[in-house]
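These notes concern the structure reproduced below.
Just so you know, residue 1 is the first one in the sequence shown, and it goes up from there. Both backbone and side-chain heavy atoms feed into the values below; hydrogens, waters and symmetry mates do not.
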Amino acid sequence: MRAIWSGAVSFGLVSVPIKVYSATTNHDVRFHQVHGEDGGRIRYKRTCEVCGEEVTYADIVKGFETPDGELITLDDADLASLPVKTGHEIDVIEFVPNDQIDPMLFDKSYYLEPETKAAKPYALLREALEETDRTAVVKVALRQRETLALLRVRGKAIVLQTLIWQDEIREPDFDILDNDVDLKPQELKMASSLVESMGADFDPSEFHDEYRDAMADLIEAKKSDGEARPAPAAEAADDGGDSMSDLLSALQASVDAARSTKSDSGSGSTEKKTQARRSSSRSKTADKDTDADTSGDATGTDDATPAKSTTTRRRSTKKTA
């Protein structure tokens, strides 16, 4: 198991460093939504119902709509201003009798593992809870949100049982329950007798998820009958750049683009240099041809003379250099 949280249980002057592990797991058969024709995964995009544009996570804020239709938005700065407990400490508030805990309040269960040097205070707390038949009521901030929880014993381990708040339990609003029902003593006796006849000690290992087993058998049967097919490889999709894999992909693409641009730039520069050399060569050849034509023209014009003089100066400069 992998620890999801670490901190310390504090009661009185005793502090017990612990690690928190999820005590339950989900064994449901998980399905993907796929296109029946080609097996491609179905993807959903986050779009704005007003403008119709796709929206990235960076542009999404939390919004609360009031009963009178007004919208209140909260950004990260607003959420950071809330009095959320961020310390890694499980504070014991009180110890209450076990039979006063309403199971309707139970939410999620976590195992507490003591650090190496905390084995003794951990065992001390566990045995004290067992001896007094009480449960510790605590407050803890898991995933930044403070919640009410219990510390209770299961075997040799202490379990952190998170609770929902009392006002989150709905009351049954059934008018029929307020009606008086006439129960005859014989009917009540028979019902009680039936209950006694079906009495047993509860053993959860005797029960299993028959639906899940049937689903697993159905999938295996289809595979055995040759109805399985290779899952198609999906093309990389841009979903707004809101995950680490998208960030890495974007960085790699940027590096590749930069290298490509540099390569193209270098190649273009080389071509330009080659064209320049060719142009220079053609220019020199043209100068030589002009010199030859000028010196061999007996009826040279006034334009020929400056050209020849210029050529002479160039040659003279070259020799001097």
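If you chain together ILVMFWY residues whose side-chain heavy atoms come under 4.5 Å of each other, Phe207 ends up grouped with Phe202. Clustering of Ile, Leu, Val, Met, Phe, Trp and Tyr by side-chain heavy atoms under 4.5 Å joins Leu188 with none of the others.
Cluster annotation: Val137 is connected to Ile169 through the hydrophobic network of ILVMFWY side chains, with a link wherever side-chain heavy atoms come within less than 4.5 Å. Cluster annotation: Val138 and Ile4 are assigned to the same hydrophobic cluster (Ile/Leu/Val/Met/Phe/Trp/Tyr, side-chain heavy-atom contacts under 4.5 Å, transitive).
Sorted by first and then second residue, the side-chain hydrogen bond (donor to acceptor under 3.5 Å, both in side chains) pairs with a member in residues 190-210 read Asp203-Ser205; sequence neighbours excluded. Annotation: salt bridge (Lys or Arg N to Asp or Glu O under 4.0 Å) contacts involving residues 169-191, sequence neighbours excluded, are absent.
Using a 4.5 Å heavy-atom threshold, the side chains of Val61 and Leu74 count as separate. When side chains are defined from C-beta on, Thr132 does not count as touching Phe95, because their heavy atoms never get closer than 4.5 Å.
Applying the side chain to side chain contact (heavy atoms under 4.5 Å, CB included) criterion to Ile176, with sequence neighbours excluded, gives Phe174, Asn179. With sequence neighbours excluded, the residues satisfying side-chain hydrogen bond (donor to acceptor under 3.5 Å, both in side chains) with Glu227 are Lys222. When the side-chain hydrogen bond (donor to acceptor under 3.5 Å, both in side chains) test is applied to Thr47, no partner is found at least two apart in sequence or on another chain. In this structure, the side-chain hydrogen bond (donor to acceptor under 3.5 Å, both in side chains) partners of Asp38, at least two apart in sequence or on a different chain, are His35.
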Donor-acceptor pairs are to be reported for all side-chain atoms of residues 148-165 against protein atoms at under 3.5 Å, with residues two or more places apart or in another chain.
| residue | atom | partner | partner atom | Å |
| --- | --- | --- | --- | --- |
| Arg152 | NE | Gln161 | OE1 | 3.3 |
| Arg152 | NH2 | Gln161 | OE1 | 2.6 |
| Arg154 | NH1 | Tyr111 | OH | 3.1 |
| Gln161 | OE1 | Ser109 | OG | 3.0 |
| Gln161 | NE2 | Lys108 | O | 3.3 |
| Gln161 | NE2 | Ser109 | OG | 3.1 |
| Thr162 | OG1 | Lys108 | N | 3.0 |
| Thr162 | OG1 | Lys108 | O | 3.1 |

Distance-only donor-acceptor pairs under 3.5 Å for side chains of residues 97-105, two or more places apart:
| residue | atom | partner | partner atom | Å |
| --- | --- | --- | --- | --- |
| Asn98 | OD1 | Thr135 | N | 3.2 |
| Asn98 | OD1 | Thr135 | OG1 | 2.4 |
| Asn98 | ND2 | Asp133 | O | 3.3 |
| Asn98 | ND2 | Asp133 | OD1 | 2.6 |
| Asp102 | OD1 | Met104 | N | 3.0 |

Show me the donor-acceptor pairs within less than 3.5 Å that the side chains of residues 64-73 make with the rest of the protein, sequence neighbours left out.
| residue | atom | partner | partner atom | Å |
| --- | --- | --- | --- | --- |
| Thr66 | OG1 | Asp68 | OD1 | 2.3 |
| Thr66 | OG1 | Glu70 | N | 2.9 |
| Thr66 | OG1 | Glu70 | O | 3.1 |

Pairs of donor and acceptor atoms involving the side chains of residues 14-29, under 3.5 Å and at least two apart or interchain, shall be tabulated with distances.
| residue | atom | partner | partner atom | Å |
| --- | --- | --- | --- | --- |
| Tyr21 | OH | Glu113 | OE1 | 2.5 |
| Ser22 | OG | Thr24 | O | 3.1 |
| Asn26 | OD1 | Asp28 | N | 2.7 |

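Taking CZ of Phe11 as the reference point, atom CG of Leu129 lies at 8.0 Å (rounded to 0.5 Å). Distance check, rounded to the nearest 0.5 Å: CD1 of Ile219 to CZ of Phe31 gives 4.5 Å. Going from atom NE2 of His88 over to atom CG of Leu142 covers 9.0 Å, rounded to the nearest 0.5 Å.
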